[in-house]
Asks: 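Submitted below is the structure of interest, expressed as structure tokens.
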Amino acid sequence: MVRLITHNLLACHAKGCTTNNFPLAFRDVQLENREAEYNPEFLKGFMPKIEWNALVSTARELGDVSLPAECPEPGTETDEFLHALHHVLMEIHVEEGSMVCPNCQHVYRISNGIPNMLLAEHEIK
Amino acid sequence: MSRPEFQAPPEIYYGDTEAKKYTHNTRNQAIQAEMTDRALELLNLPEGQPALLLDIGCGSGLSGEILDEEGYTWVGLDIAPSMLEVALEREVEGDLFLHDIGQGLGFRPGSFDGAISISVLQWLCNADTTSPTSSPPARLTRFFTSLHAALTRSARAVFQFYPQSDDQVTLITSIAMRCGFEGGLVVDYPNSQKAKKFFLCLFAGGGESSGGARRKVEIPK
Ligand SMILES: [Zn+2]
């Protein structure tokens, strides 16, 4: 159950990996769409936390092109936009595959919807 | 009987059988629910505002189910795969991660509006001490530093836990303060050996950003 809402917050936490460690790149993913309750207030509250370029490019990699390249200014979000954002953040689930750090190439495997974030001894800060 | 954290690491102690037993025990469910409610109360989130929360040591999702009911969006971390399997079976709403919090968290700054943790902190102090990276102070420091960064400025983190000694409380609290938190210990039912509950309440803001005013910890019930 990795959704893009959490993927957009995740950065690599391996030792010495402090720059270019976001966003983790999806590889060989299996996706599942699951309907979630639409909550526009939550979405608006969450929007300032989003790294927009990362979200748009990751969504496109996963086959969803519904988001605009520029994030709308606060207060100008249309219903159509919020529904698209809702779907991208909350309803696309990555069930299998992996996430790879663009900097140190650490591979975080996703199995049964759960990413394995455990580091080996030499990777711990 | 000796405490579970003295018997084996959590991912071993909570194997398939223990994870199911723990989750389906109605007394455990009731206690977990009560502690989660109290942790949420101490979290003191703004009324009626949606929030993204972190459930540290989410286990099989007993606390997560309450976060779902309360309408919060959450992310759960746990080191025991068997517990996470049970959480999947129970179809909780939160995203689940297999994670050792003693290795530090990997979230961007300001990601979460609050964090709760039920019956987990004491496990962090029982690491094997054969390597310097796994000493309890090293694990606590990595955990609190990365948690502090992952929270928004006004966020709190509330940990219900079972301290093994006063020394352990001091160790945990002093490291949390060094990592930038303010706050302290709340003890519910302090006069009852059986019902006594410890909650470590941490505030991420503090210092300059809170206008220099030190907020007080709630007095015990
Ligand atoms: Zn990395």
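Residue numbering restarts at 1 for every chain, and letters A, B, ... go by the order of the sequence lines. These numbers come from the heavy atoms of this one structure, side chains and all, not from hydrogens, waters or symmetry mates.
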Asks: If you look at every heavy atom in Met117(A) and Leu10(A), which pair is closest and at what distance?
Replies: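 Minimum heavy-atom contact is CE-CD2, 3.9 Å.
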Asks: Measure up the Tyr108(A) and His106(A) rings against each other and bin them: parallel (under 30°), tilted (30 to 60°), perpendicular (over 60°).
Replies: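 Answer is tilted, since the angle falls between 30° and 60°.
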Asks: Any residues in residues 107-114 of chain B near chain A, with a heavy-atom distance under 4.5 Å, and which are they?
Replies: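 Within residues 107-114 of chain B, near chain A: Phe107(B), Arg108(B), Gly110(B), Ser111(B), Phe112(B), Asp113(B).
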Asks: As an exercise: rank Leu43(A), Leu118(A), Ile110(A) by heavy-atom pairs under 4.5 Å with chain B and give me the winner.
Replies: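 Ranked by contacts with chain B, first place is Leu118(A).
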Asks: In terms of heavy-atom pairs under 4.5 Å with chain A, which of Arg142(B), Glu93(B), Glu85(B) leads?
Replies: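 Heavy-atom pairs under 4.5 Å are most numerous for Arg142(B).
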Asks: So which of Asp100(B), Ile79(B), Leu52(B), Leu77(B) has the largest heavy-atom pair count under 4.5 angstrom toward chain A?
Replies: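 Maximum pair count with chain A is reached by Leu52(B).
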Asks: Of the backbone (N, CA, C, O) and the side chain (C-beta and beyond), which part of Leu105(B) lies under 4.5 Å from a heavy atom of chain A, both, or neither?
Replies: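 When you check distances to chain A, only backbone atoms of Leu105(B) fall under 4.5 Å.
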Asks: Test side chain to side chain contact (heavy atoms under 4.5 Å, CB included) on Gln160(B) and Leu121(B); report intermediate values, then the result.
Replies: CA-CA 8 Å; Gln160(B) 179 278 327; Leu121(B) 262 191; over 6 Å; no
Asks: Assess the residue pair His87(A) and Ile92(A) against the criterion (side chain to side chain contact (heavy atoms under 4.5 Å, CB included)); give the C-alpha distance rounded to whole Å, side-chain angles, the decisive distance to 0.1 Å, and a yes or no.
Replies: CA-CA 7 Å; His87(A) 176 69; Ile92(A) 303 174; 3.8 Å; yes
Asks: Let me know if Glu51(A) has heavy atoms under 4.5 Å from chain B in its side chain, its backbone, both or neither.
Replies: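 The answer is both parts of Glu51(A).
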Asks: Is a salt bridge present between Lys44(A) and Glu77(A), judged by a nitrogen-to-oxygen distance below 4.0 Å?
Replies: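 No, this pair does not count.
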Asks: To the closest 0.5 Å, what do you measure between CG (Leu67(A)) and CH2 (Trp52(A))?
Replies: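 If I round to the nearest 0.5 Å, the distance is 4.5 Å.
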Asks: Which bit of Ala51(B) comes within less than 4.5 Å of chain A, counting heavy atoms only: side chain, backbone, both or neither?
Replies: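 Contact with chain A: backbone only.
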Asks: Which residue pairs pass the salt bridge (charged side-chain N to carboxylate O under 4.0 Å, His left out) test with at least one member in residues 98-125 of chain A, sequence neighbours excluded?
Replies: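 Checked against salt bridge (charged side-chain N to carboxylate O under 4.0 Å, His left out) - neighbours excluded - no pair reaches residues 98-125 of chain A.
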Asks: Side chain, backbone, both or neither: which part of Leu89(A) has a heavy atom under 4.5 Å from chain B?
Replies: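 When you check distances to chain B, no heavy atom of Leu89(A) falls under 4.5 Å.
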Asks: What part of Thr152(B) gets closer than 4.5 Å to chain A, counting heavy atoms only: side chain, backbone, both or neither?
Replies: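 When you check distances to chain A, only side chain atoms of Thr152(B) fall under 4.5 Å.
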Asks: Applying side-chain contact (heavy atoms from CB on, under 4.5 Å), can you list everything that pairs with Ser117(B), at least two apart in sequence or on another chain?
Replies: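 Partners of Ser117(B) by the side-chain contact (heavy atoms from CB on, under 4.5 Å) criterion, ordered by chain and then number, come out as Ile56(B), Val120(B), Phe159(B).
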Asks: What residue in Arg3(A), Met90(A), Glu37(A) has the most heavy-atom pairs under 4.5 Å with chain B?
Replies: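 Greatest number of close heavy-atom pairs with chain B: Arg3(A).
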Asks: Any idea which of Asn112(A), Ile5(A), Asn39(A) has the most non-hydrogen atom pairs under 4.5 angstrom with chain B?
Replies: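 It is Asn112(A).
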Asks: Assess, by modelled atom type and distance only, whether the side chains of Asp68(B) and Trp74(B) contain a donor and an acceptor separated by less than 3.5 Å.
Replies: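 Yes, Trp74(B) and Asp68(B) have a side-chain donor paired with an acceptor closer than 3.5 Å.
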Asks: Phe22(A) versus chain B, heavy atoms under 4.5 Å apart: side chain, backbone, both or neither?
Replies: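 Contact with chain B is through the side chain of Phe22(A) alone.
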Asks: Could you tell me which portion of Gln49(B) (side chain, backbone, both or neither) has an atom closer than 4.5 angstrom to a non-hydrogen atom of chain A?
Replies: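 No part of Gln49(B) comes within 4.5 Å of chain A.
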Asks: Among pairs that include at least one residue of residues 15-32 of chain A, which meet side chain to side chain donor-acceptor pair (under 3.5 Å), considering only residues two or more places apart or in two chains?
Replies: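 Only Glu32(A)-Arg34(A) qualify under side chain to side chain donor-acceptor pair (under 3.5 Å).
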Asks: Given side-chain hydrogen bond (donor to acceptor under 3.5 Å, both in side chains), test Ser66(A) with Asp64(A) step by step and report yes or no.
Replies: CA-CA 6 Å; Ser66(A) 63; Asp64(A) 189 295; 2.5 Å; yes
Asks: Parallel, tilted or perpendicular for His86(A) and Tyr38(A), by the 30°/60° rule?
Replies: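 Geometry flag for Tyr38(A) against His86(A): perpendicular rings.
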Asks: Go through the atoms of Leu96(B) and report whether side chain, backbone, both or neither lie under 4.5 Å from a heavy atom of chain A.
Replies: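 Contact with chain A: backbone and side chain both.
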